[in-house]
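Computed from heavy atoms alone, side chains included, the values below leave out hydrogens, waters and symmetry copies. Everything numeric in this text was worked out from a predicted model, so none of it was measured.
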Amino acid sequence: EHTTFEAEVTGTILALHLVRERPHPRDTIIALDNTSAIRALYYPHYQPAQYLLLLFHQELTRTLATHPNISITLQWVPGHEGITGNELADTHAKRAADGDSSLPLTIGSTLTKTLPCSAAAIKAAMKIRSRE
């Protein structure tokens, strides 16, 4: 029902929420191995999962309003290169894209609701099924 792209963007929204909830957060780097997600977050334009990009920028605005002195950076890291935590994060992003998620935490109302099904994910699944 969802793409890895959507899971990665959702992960950045959750990361910002966690930063905002900390009493004294430090400068933060959110590392992603998905260049499409990074590009879309820096240069949002109409595309699939646009609502998630909007949520990211709303969460970023709230986070910077709460903690105006911190710096938040999105950084590309090579995927599957033995970087601590990257493999685990990639595994969780793929599991989340397949519908396996943890119990809702205090993450704000924007992500506690079920996300709409992704047209891109549905099309990809249909392609796979048609080949079988």
Side-chain angles (χ1 to χ4, degrees):
E1 294 183 2
H2 302 285
T3 64
T4 302
F5 173 88
E6 291 171 309
E8 297 250 2
V9 173
T10 300
T12 63
I13 296 166
L14 293 171
L16 289 174
H17 176 79
L18 292 172
V19 170
R20 191 178 82 240
E21 293 298 310
R22 292 187 60 101
H24 305 288
R26 298 179 183 173
D27 290 346
T28 301
I29 296 172
I30 301 173
L32 301 159
D33 65 359
N34 187 314
T35 56
S36 297
I38 294 170
R39 194 174 305 114
L41 290 166
Y42 271 109
Y43 307 107
H45 62 282
Y46 185 76
Q47 62 184 24
Q50 183 68 33
Y51 71 100
L52 289 174
L53 301 176
L54 177 63
L55 288 175
F56 169 83
H57 285 281
Q58 289 171 345
E59 191 68 31
L60 179 61
T61 299
R62 282 193 293 266
T63 302
L64 293 175
T66 304
H67 304 290
N69 295 323
I70 67 166
S71 168
I72 297 173
T73 304
L74 298 178
Q75 180 176 324
W76 177 82
V77 293
H80 310 288
E81 293 292 325
I83 294 172
T84 304
N86 191 41
E87 296 295 328
L88 182 60
D90 191 53
T91 298
H92 284 289
K94 288 178 180 167
R95 286 168 58 192
D98 289 335
D100 179 17
S101 63
S102 59
L103 294 173
L105 302 172
T106 313
I107 57 172
S109 62
T110 55
L111 290 176
T112 55
K113 302 172 192 162
T114 301
L115 299 177
C117 291
S118 165
I122 291 169
K123 288 177 189 176
M126 291 175 70
K127 269 187 181 179
I128 291 170
R129 286 187 193 123
S130 69
R131 291 183 202 150
E132 295 174 349

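- In this structure, CG on L52 lies 4.5 Å from OG1 on T10, to the nearest 0.5 angstrom.
- Rounding to the nearest 0.5 angstrom, the gap separating the CG atom in L14 from the NE2 atom in H17 is 8.0 Å.
- In summary, of the residues considered (L32, L41, I38), a side-chain contact (heavy atoms from CB on, under 4.5 Å) with E8 occurs for L32 alone.
- The shortest side-chain heavy-atom distance between I30 and T28 falls under the 4.5 Å cut-off.
- If you chain together hydrophobic residues whose side chains sit under 4.5 Å apart, Y42 and I29 never meet in one group.
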Side-chain donor-acceptor pairs under 3.5 Å in residues 63-71, sequence neighbours left out?
from: T63; atom 1: OG1; to: L16; atom 2: O; distance (Å): 3.3
from: T63; atom 1: OG1; to: E59; atom 2: O; distance (Å): 2.7
from: T66; atom 1: OG1; to: R62; atom 2: O; distance (Å): 2.9
from: H67; atom 1: NE2; to: R20; atom 2: O; distance (Å): 3.0
from: H67; atom 1: NE2; to: R22; atom 2: O; distance (Å): 3.2

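- A40 meets the side-chain contact (heavy atoms from CB on, under 4.5 Å) test with F5, Q47, L53; sequence neighbours excluded.
- Y43 and V9 fall within the same hydrophobic cluster, where Ile, Leu, Val, Met, Phe, Trp and Tyr residues are linked whenever their side-chain heavy atoms come under 4.5 Å apart, directly or through other members.
- Hydrophobic cluster membership is shared by W76 and F56, with clusters built from Ile, Leu, Val, Met, Phe, Trp and Tyr side chains linked at under 4.5 angstrom.
- Atoms CD and OH, on Q58 and Y51 in that order, are 13.0 Å from each other to the nearest 0.5 Å.
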